Number of protein chains: 2
Amino acid sequence: MDEIDRTILNLLRADGRTSYAELARRVGLTAPSVQDRVVKLEKNGVITGYRAVIDPETIGLGITALIGIIPDNSADHNEICERLRAIPQMESCYFLAGVECYQLKVRVPKMGDLERLIHRLGAIPGVAQTRTTITLSTKWEDRPQPVPGEEDPHGVD
Amino acid sequence: MDEIDRTILNLLRADGRTSYAELARRVGLTAPSVQDRVVKLEKNGVITGYRAVIDPETIGLGITALIGIIPDNSADHNEICERLRAIPQMESCYFLAGVECYQLKVRVPKMGDLERLIHRLGAIPGVAQTRTTITLSTKWEDRPQPVPGEEDPHGVD
DNA sequence: TTGTCCGGTCGATCTCGTCCACTCGTTGAG
DNA sequence: CTCAACGAGTGGACGAGATCGACCGGACAA
């Protein structure tokens, strides 16, 4: 993981379809070397995939909401987690330090879908309460911040 | 935006580097036709980009936090927004219906960075209060849900 | 019918991806 | 010091993919 790897990562985060040839030109290597580095980054779990980014509104997912889950004492977190995962509208799920021990980001086409979703969440065993906040607008989302360099010279690796 | 377009979108969301030739095989068209459709989807703002997905921990961004912003009465939202956008660690920013009118997702290498970030947020004019929640773990994130079909036959377009 | 548009196919050409053999420094053991 | 082993990069070759222009056929309206 050197400066060249970080440059490659930044380029691929900005445009995931950049060709190896183009990456090679940018970092001053040849295509096979760059491919070699990219394959290693994938094998090492640094790059976990490539995705097309789609504007949710254009595909009919106009409503985004954030939902906090407050568990009760009997909560089995493995089960809650699996039940949440089984709902395709759950785009993100964070386990938090706090009273609301999960936060979910969901997208649905219509308010009715959101209402059904909230009822479904309430029916999960171990879920005491949910708290839903509608997003009025998404200012930005998943903006890739530059890969930080080795700021700690004491051998963090 | 027909069934073929939706299939292409689903394939590109699962793997953003899928070649046109491969997409063509999957949807039963030729590569030029598929390319034509993809270009149109990009032009129409459906596909807004392509990104490599990177495991934040492997690049030294081990700490993820959610921060709510509570504004005061004098808040100039355009300015707040721009000040927030200028901070590279702010990966997402939602404008919410509620007391906390923004929610931010931030990633930093160390707790000290988070502390500095929170102080910096508190110094933004119009920000009355911040509320930070540390994520203990990310169960999943930005999972692409299937592109919904035309479930409403009354002309939603 | 005829012209036109839209979406798709086909074929040619150029670029890209990928494999392999080779080179060049570096490292560590004898 | 010498030499072998190793990792990283280069260059060439070949097959696959991207891309462009020309052509085809169905839908539609005049």
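Below, read A as the first sequence line, B as the second, and so on, with proteins coming before strands; counting in each chain starts at 1. Values below: every heavy atom of this structure, side chains too, minus hydrogens, waters and symmetry copies. Predicted model only: the values in this text are computed from it and were never measured.
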Listed by chain and number, what are the salt bridge (charged side-chain N to carboxylate O under 4.0 Å, His left out) partners of A:R17, not counting sequence neighbours? none
Given atom CG of A:L23 and atom C1' of C:dT15, what is their separation to the nearest angstrom? 15 Å
Protein and nucleotides 23-28 of chain D: nitrogen or oxygen contacts under 3.5 angstrom:
none

What pairs with B:R25 under salt bridge (charged side-chain N to carboxylate O under 4.0 Å, His left out), at least two apart in sequence or on another chain? B:E22
So the ring-ring contact (aromatic ring centres under 6.0 Å, His included) pairs with at least one residue in residues 54-77 of chain A (sequence neighbours excluded) are A:H77-A:F95, A:H77-A:Y102
Residue list, side chain to side chain donor-acceptor pair (under 3.5 Å) with B:N78, at least two apart or on another chain: none
Which pairs pass ring-ring contact (aromatic ring centres under 6.0 Å, His included) with one or both residues in residues 13-71 of chain A, sequence neighbours excluded? none
In chain order, what residues pass the side chain to side chain donor-acceptor pair (under 3.5 Å) check against A:T64, with sequence neighbours excluded? A:R107
Does anything in residues 7-21 of chain B reach DNA chain D, meaning a heavy atom under 4.0 Å, and if so which residues? B:S19, B:Y20, B:A21
How would you list, by chain and number, every residue that makes a salt bridge (charged side-chain N to carboxylate O under 4.0 Å, His left out) with B:R143, sequence neighbours excluded? none
Just jot down the side chain to side chain donor-acceptor pair (under 3.5 Å) partners of A:N73, sequence neighbours excluded, or say none. none
For B:D76, all residues meeting salt bridge (charged side-chain N to carboxylate O under 4.0 Å, His left out), sequence neighbours excluded: none
How many Å lie between CD on B:E22 and P on D:dG17, as a whole number? 8 Å
Contact pattern, 5' to 3', of nucleotides 6-13 of chain C - B, S or - by protein heavy atom under 4.0 Å: -SSBB---
Hey, are the side chains of B:R37 and B:I8 touching, using non-hydrogen atoms and a 4.5 Å cut-off? yes
Provide, to the nearest angstrom, the distance between the CD atom belonging to B:Q35 and the P atom belonging to D:dT19. 4 Å
